[in-house]
Amino acid sequence: MIDSSPDSGLLANLNPPQHQAVTLPARSALILAGAGSGKTRVLTTRIAWLIATHQVSPHGILAVTFTNKAAKEMVTRLGALIPVNPRGMWIGTFHGLCNRLLRAHYKDAGLPQLFQILDSADQLSAIKRLLKNLNVDDEKFPPRELMHFINGHKEQGIRANRAEAWDDYTRRRVALYAEYEAQCQREGVVDFAELLLRCYELLSHNEPLRAHYQARFRHILVDEFQDTNRLQYAWLKLMAGFEQRATDAPPAAVFAVGDDDQSIYAFRGAEVGNMREFERDFAQETVIRLEQNYRSHGNILDAANALITRNRDRLGKTLWTDAGAGEPIRVYEGMSDLDEARFVVDEIRELVRDGTERSQIALLYRSNAQSRVLEHELFSHGVPYRVYGGLRFFERQEVKHALAYLRLIANPDDDTAFMRVVNFPTRGIGARSLEALQGVAHTTNSSLYNAAASLTGKAGTAVAAFIRLVESLRQETAGLPLPEAVEHVIERSTLRQHYLGEKEGQDRLENLDELINAAANFDREFAGGEITLDGTPVNGDDLGAVLAAFLQHASLEAGDHQAGAEEEAVQLMTVHAAKGLEFDVVFISGLEQGLFPHENAVMEEGGLEEERRLMYVAITRARKRLYLAHAQTRMLHGQTRYCLPSKFLEELPEELLARVNSVASRETAYPGWGVSSQSKWNSALPRSEGRGAGMTGATASATPAFAQEGPGKGLRIGQSVKHAKFGTGVIVAAEGRGSDARVQVNFSGVGVKWLALEYAKLEPV
DNA sequence: GACTAGCGTCTGTGG
DNA sequence: GACGCTAGTC
């Protein structure tokens, strides 16, 4: 029995608001937890306290997060706090928990026992296949857009039969949505959004089941509440019993932790408004603000606060810290993305030389595409690094191919898997045979596999050989342990042979080996009873069950922990991926108009504010040192773009910043540029920390050169100019001479314009 | 039916 | 700059 008095170990070292939050009575409460305010600590300590004081058994707790990482972290920390086996508890992501529920009640949910989960790539190819089967013009109905339409509706909890459509085009899309639903049902597959919607409907339509879970979960804890979408919100309401209560038990106490300033997932349906509605819908009694930041030095926090106060409609919260001001925030302007990368890598090497651990250095960017230059520079200087996100292990082509064979073994009706490997490696089954096959499948309302199997007598030997291959794979692997089954499939399908013959196949072969490794690890944990199919242990000797569990693991987990995760390496990731993490040193690169804030985002309603929150998240990742970098030119889509500094840079108080470009280096690089306009870029750092001319001078060749005679004298490509009507912009192109001379200028906010130099009065800035 | 050159699109973020 | 798709060729 654990002493639960306030000064016991469990509650020691909590600050007053944290303490209050942890020990709240069993009623719904909203915790506004600022960045670095000890949010995860409060969540896990709350669970431990509830259990230790016998207010609830581990059985009665449901804790929901968004990412696997957060769920794992919670489990680990909880295990360190109290002697309880957290594996039996319901702690997981929305998707993971819904999957667990659907597995446990697959019949009631109208699903096959071994239903497969489609990741977004699978979903897209399923949609493409659907459009093809229905002879729909995919130019009129772009698959990506349709996918967005379908997922958007599911995230609102709207099925095709209830979707609104006021015009023909939308009516058509709704019809396609319905067809897609039917196709998934036929194939026994479920996409990510479907996991949630299906689970919601299961509970909503099945009263005994609803009564069971509503009575069971007495405390529901939600992490990152600001990221919930409509469906997740409704799911919580239903689960907690604030909607359709089916039991005599009172509603659960919902402990929602969130930060409206860190809401960065509106693009996938998250509604910050859920935080405002929480009070009404969940009978919330208390709001607690966690505003003391334990992570960052003062200057970093001041910058974050200054930035975020520009957003409207905040719930209101100001972070403060006991820590000193610390170092100024370093701002670097590179001439090109390459120059920027060189600066970043140079600094990293110096930091590492001075004793900073590489894993304590994070390199953040707005979009994944930016990682390439940085990676290249890190690689060529031999700096170990690790990229998170981007192409994940289980999303790689070769891994997906191998998994598709395994999926066909587990479920022959999985048409997505069938199409992926029916002719890979090539075995003479072309578009023509497949079209015929799809026709048969369509008319007989059966899966492609069954259609193929029923036709093997007459439909040519290639298809028959494929069916025989899958059949023999199923038989040969039946008695094998999972890793051997995986290896066998890789060999017998001739996947390995295929990649052996490919010039660039080495990486792919290594990934296939890694897949066998992953299967071995998984099998070990499975056999140890640590992993189960639906929360209840399954017979580990049954390959079907192990395989199904492994496949669902592969679709719900990105495979982030695969290969080299523990290596001492610099961390590269998008700002989105960095949420919830912290590092001693953080670089934010690509702080340019159009990139961060992203040009697509600023067009959307509330888009700029979401970008600003994203910047806020990025800044607050840093503990001790923060670098902000931007470049004047950047390669994008294969061509050079001329960029203005991000407006977010202007929104930071100048006194917190130190411009680390030295005038001397820029003079070398840009002969003829006025020093006056550069004065504010002078270093505010002590001399020893300023950049020498040597480093940046080496990149002078990246400077675009364009000299113009006549009216535009002194203007160059890349030059910042001011126009009376359009404001400031950057010259991106020029043509003609004398009175015909025109320049193309990219104005911030206005866009790109061609201007005749004779008439437009452009002033160099 | 397999292979390849050329073209268009993409990179905006995730379970 | 990379990838997927298409048209053209073998």
Side-chain angles (χ1 to χ4, degrees), chain A residues 64-71 92-99 117-125 128 132 138-139 142-144 148 151 154-155 190-196 224 227-229 231-232 263-270 337 364-373 375-376 388-392 394-395 397 423-435 460 462-463 504 552-560 573-580 590 594-604 607 610-611 613-615 617-618 634-641:
Chain A
V64 200
T65 65
F66 275 84
T67 63
N68 290 309
K69 212 180 341 183
T93 62
F94 276 102
H95 294 88
L97 293 170
C98 287
N99 175 53
I117 300 166
L118 299 184
D119 65 21
S120 25
D122 295 330
Q123 188 185 16
L124 188 62
S125 63
K128 284 181 185 163
K132 208 160 199 175
D138 61 4
E139 297 210 345
R144 275 180 188 284
H148 195 73
N151 289 342
K154 288 190 179 185
E155 281 158 7
V190 164
D191 60 46
F192 283 135
E194 183 73 21
L195 280 174
L196 295 176
E224 308 279 15
D227 288 339
T228 52
N229 62 34
L231 179 58
Q232 286 155 342
S263 161
I264 54 174
Y265 284 107
F267 73 92
R268 59 175 201 210
D337 46 353
L364 309 184
Y365 33 81
R366 175 64 178 83
S367 59
N368 275 311
Q370 286 167 255
S371 75
R372 192 183 299 124
V373 202
E375 282 187 68
H376 184 266
Y388 288 82
L391 192 55
R392 303 216 173 95
F394 285 115
E395 288 172 355
Q397 184 206 99
N423 196 34
F424 192 97
T426 49
R427 47 175 71 87
I429 302 172
R432 222 160 242 274
S433 343
L434 286 177
E435 241 165 66
V463 174
E504 313 280 318
Q552 86 181 27
H553 166 80
S555 23
L556 285 176
E557 302 250 348
D560 275 347
M573 66 192 86
T574 63
V575 181
H576 281 90
K579 186 160 87 157
L595 192 61
F596 197 178
H598 196 277
E599 54 197 349
N600 294 358
V602 291
M603 313 293 264
E604 289 160 19
E610 173 137 327
E611 293 290 303
R613 288 192 293 269
L614 197 53
M615 180 68 185
V617 168
R634 183 173 296 275
M635 286 292 277
L636 211 68
H637 300 182
Q639 48 180 304
T640 306
R641 286 231 309 212

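Each chain gets a letter, A, B and so on, in the order its sequence line appears, and its residues count up from 1.
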With heavy atoms under 4.0 Å as the rule, sort [X] into base, sugar-phosphate or nothing.
X: A/R432; result: sugar-phosphate
X: A/N423; result: sugar-phosphate
X: A/H598; result: sugar-phosphate
X: A/N600; result: base
X: A/F94; result: nothing

For A/H576, what residues pass the ring-ring contact (aromatic ring centres under 6.0 Å, His included) criterion, not counting sequence neighbours?
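A/H576 satisfies ring-ring contact (aromatic ring centres under 6.0 Å, His included) with A/Y265, A/F267 only.
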Which of these nucleotides, [options], is closest to any side-chain atom of [X]?
X: A/A601; options: B/dG15, B/dG12, B/dT13; value: B/dG12
X: A/N68; options: B/dG14, B/dG15, B/dT13; value: B/dG15
X: A/T574; options: B/dG12, B/dG1, B/dG14; value: B/dG14

Nearest-Å distance for atom pair [atom1]/[atom2], residues [X] and [N]:
X: A/E395; N: B/dT11; atom1: CD; atom2: C1'; value: 15 Å
X: A/L614; N: B/dT13; atom1: CG; atom2: C1'; value: 8 Å
X: A/K69; N: B/dG14; atom1: NZ; atom2: C1'; value: 11 Å
X: A/F394; N: B/dG15; atom1: CZ; atom2: C1'; value: 14 Å
X: A/R144; N: B/dT9; atom1: CZ; atom2: C1'; value: 9 Å
X: A/Q123; N: B/dG14; atom1: CD; atom2: P; value: 16 Å
X: A/E224; N: B/dG14; atom1: CD; atom2: P; value: 14 Å
X: A/H576; N: B/dG15; atom1: NE2; atom2: P; value: 11 Å

Looking at A/E435 and A/R432, would you say the former's side chain and the latter's main chain have a donor-acceptor pair under 3.5 Å?
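Such a contact is absent between A/E435 side chain and A/R432 backbone.
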Would you say the side-chain atoms of A/S125 pair up with the backbone N or O of A/D122, donor to acceptor, closer than 3.5 Å?
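Side chain of A/S125 to backbone of A/D122: a pair is present.
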Find out whether A/L195 and A/L556 are in side-chain contact, i.e. whether some heavy atom of one side chain is under 4.5 Å from a heavy atom of the other.
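In contact.
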Do A/H598 and A/L614 make a side-chain contact, defined as non-hydrogen atoms from C-beta onward lying under 4.5 Å apart?
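Answer no - side chains too far apart.
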Polar atom pairs (N or O), protein with nucleotides 1-4 of chain C, under 3.5 Å:
from: C/dG1; atom 1: O6; to: A/H637; atom 2: O; distance (Å): 2.8

Determine, step by step, whether A/R613 and A/E610 satisfy the salt bridge (Lys or Arg N to Asp or Glu O under 4.0 Å) criterion, reporting the C-alpha distance in whole Å, the side-chain angles of both residues, the deciding distance to 0.1 Å, and the verdict.
CA-CA 5 Å; A/R613 288 192 293 269; A/E610 173 137 327; 3.3 Å; yes
Between A/F66 and A/I429, just flag the one whose closest nucleotide in DNA chain B comes earlier from the 5' side.
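Here A/I429 is the residue nearer the 5' end.
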If you assign A/S120 and A/T426 each to the DNA chain B nucleotide with the nearest heavy atom, which residue ends up on the more 5' nucleotide?
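In this pair, the answer is A/T426.
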Does the side chain of A/S433 get closer than 4.0 angstrom to OP1 or OP2 of B/dG1 through an N or O atom?
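Answer is yes, contact under 4.0 Å.
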Hey, is the side chain of A/N368 poking within less than 4.0 Å of OP1 or OP2 on B/dG12, counting only N and O atoms?
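For B/dG12, neither OP1 nor OP2 has a side-chain N or O of A/N368 closer than 4.0 Å.
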A/Q123 versus A/D191, side-chain donor and acceptor atoms under 3.5 Å:
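Per modelled atom types, A/D191 and A/Q123 side chains form a pair under 3.5 Å.
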Minimum heavy-atom distance between A/S371 and A/Y365, given as atom pair plus value:
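That closest heavy-atom pairing would be CB-OH, 3.4 Å.
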Tell me whether the ring of A/F267 lies stacked over the B/dT13 base, given a 5.5 Å limit on centroids and a 30° limit on the plane angle.
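According to the criterion (under 5.5 Å, under 30°), yes, A/F267 stacks.
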